[in-house]
Amino acid sequence: MEIVKIGILGIAGVMVALQFRTIKPEISLYMGLAVSILIFSFSLDGLFRILQKMEVLQSYITSGDSYFRLLFKAVGITYICEFSSSICKDAGYAAVAGQIEIFGKLTVLFMGMPVLAAIIENINAIAG
């Protein structure tokens, strides 16, 4: 049921912001930002619940601690980059939004390199 509340909040926020777009565009932007931050706070609550469930899963995996950290860092990076990029696009700065997205993708790629190296190392150990 929370998704319905978030959907209604988002639609209502956009409708109110649209009313101000012709009168004062900066107020419309600030309203969109405020609604985005409010929805983001609801997302954080869900993320903390997922973290609690992942701790249970982590107890079953002996060497999975570092992989879970990388996974959550990657999810956090992509979420922050998407959020920032959307705000920049809404403000009319698509070029800045694109650069944020590229930086996020490169950061996640860089974070995945140790995992890729470990997989290749395991394959070599099995094959050799």
Side-chain angles (χ1 to χ4, degrees):
M1 284 309 279
E2 284 189 22
I3 189 67
V4 173
K5 293 176 188 175
I6 297 299
I8 291 171
L9 174 67
I11 291 170
V14 167
M15 296 302 239
V16 172
L18 283 174
Q19 296 298 318
F20 284 100
R21 181 167 277 180
T22 56
I23 301 167
K24 288 211 169 231
E26 62 274 4
I27 291 177
S28 174
L29 178 66
Y30 295 142
M31 290 182 83
L33 181 63
V35 169
S36 296
I37 290 172
L38 188 60
I39 292 172
F40 179 73
S41 69
F42 284 113
S43 299
L44 286 178
D45 183 49
L47 181 63
F48 287 129
R49 283 188 267 158
I50 290 171
L51 283 173
Q52 291 171 345
K53 299 291 183 185
M54 292 301 281
E55 286 176 0
V56 173
L57 291 175
Q58 188 176 355
S59 67
Y60 297 121
I61 300 173
T62 56
S63 64
D65 185 38
S66 62
Y67 296 124
F68 278 117
R69 276 197 215 126
L70 281 174
L71 177 67
F72 283 116
K73 284 181 183 178
V75 169
I77 288 168
T78 56
Y79 193 81
I80 290 169
C81 287
E82 182 67 29
F83 182 78
S84 303
S85 173
S86 296
I87 295 296
C88 291
K89 284 179 186 174
D90 195 37
Y93 291 95
V96 175
Q99 295 303 313
I100 291 171
E101 291 172 0
I102 289 172
F103 181 76
K105 290 173 185 175
L106 290 174
T107 303
V108 170
L109 178 66
F110 180 72
M111 284 179 53
M113 289 304 205
V115 175
L116 181 62
I119 291 171
I120 292 172
E121 189 176 297
N122 286 337
I123 291 171
N124 283 336
I126 292 171

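Quick caveat, the model's predicted, so the values are computed rather than measured.
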Worked verdict on L106 versus I102 for side-chain contact (heavy atoms from CB on, under 4.5 Å): CA-CA 6 Å; L106 290 174; I102 289 172; 3.9 Å; yes
Full working for side-chain contact (heavy atoms from CB on, under 4.5 Å) between V14 and V35: CA-CA 8 Å; V14 167; V35 169; over 6 Å; no
Audit row: E101, K89, side-chain contact (heavy atoms from CB on, under 4.5 Å) steps and yes/no: CA-CA 11 Å; E101 291 172 0; K89 284 179 186 174; 3.0 Å; yes
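Contact record, S36 with I87: OG-CD1, 3.9 Å, taken as the closest heavy-atom pair. Here the closest heavy-atom approach between residue T78 and residue V75 is recorded as OG1-O, 2.8 Å.
Remark: side-chain polar atoms of S28 are not paired, donor with acceptor, to backbone N or O of L18 under 3.5 angstrom. Side chain of S84 to backbone of C81: no donor-acceptor contact under 3.5 angstrom is found. In this structure, the side chain of S43 engages the main chain of I39 through a donor-acceptor pair within 3.5 Å.
Put simply, CE on M113 and CD1 on I120 are 9.0 Å apart, with the number rounded to the nearest 0.5 Å. Interatomic distance, CG of L71 versus CE of M111, reported as 8.5 Å (0.5 Å rounding). How far CZ of R21 is from CG of L29: 8.5 Å, rounded to the nearest 0.5 Å. To the nearest 0.5 Å, atom CD1 of residue I8 and atom CD1 of residue I3 are 10.5 Å apart.
Around the CG atom of L44, the shell of radius 6.0 Å holds more than 12 heavy atoms that belong to other residues, nucleotides or ligands. No more than 12 heavy atoms of other residues, nucleotides or ligands sit less than 6.0 Å from atom CD of E121.
Under a hydrophobic clustering in which Ile, Leu, Val, Met, Phe, Trp and Tyr are joined whenever their side-chain heavy atoms come within less than 4.5 Å, directly or via other members, I119 and L70 fall into the same cluster. Two different hydrophobic clusters hold I23 and I27 under the rule that ILVMFWY side chains link at heavy-atom gaps under 4.5 Å. Grouping the Ile, Leu, Val, Met, Phe, Trp and Tyr side chains by contacts below 4.5 angstrom, directly or via other members, places V108 with V115.
Legend: ring-ring contact (aromatic ring centres under 6.0 Å, His included) pairs involving residues 70-105, not counting sequence neighbours, sorted by first then second residue: F40-Y79, F40-F83.
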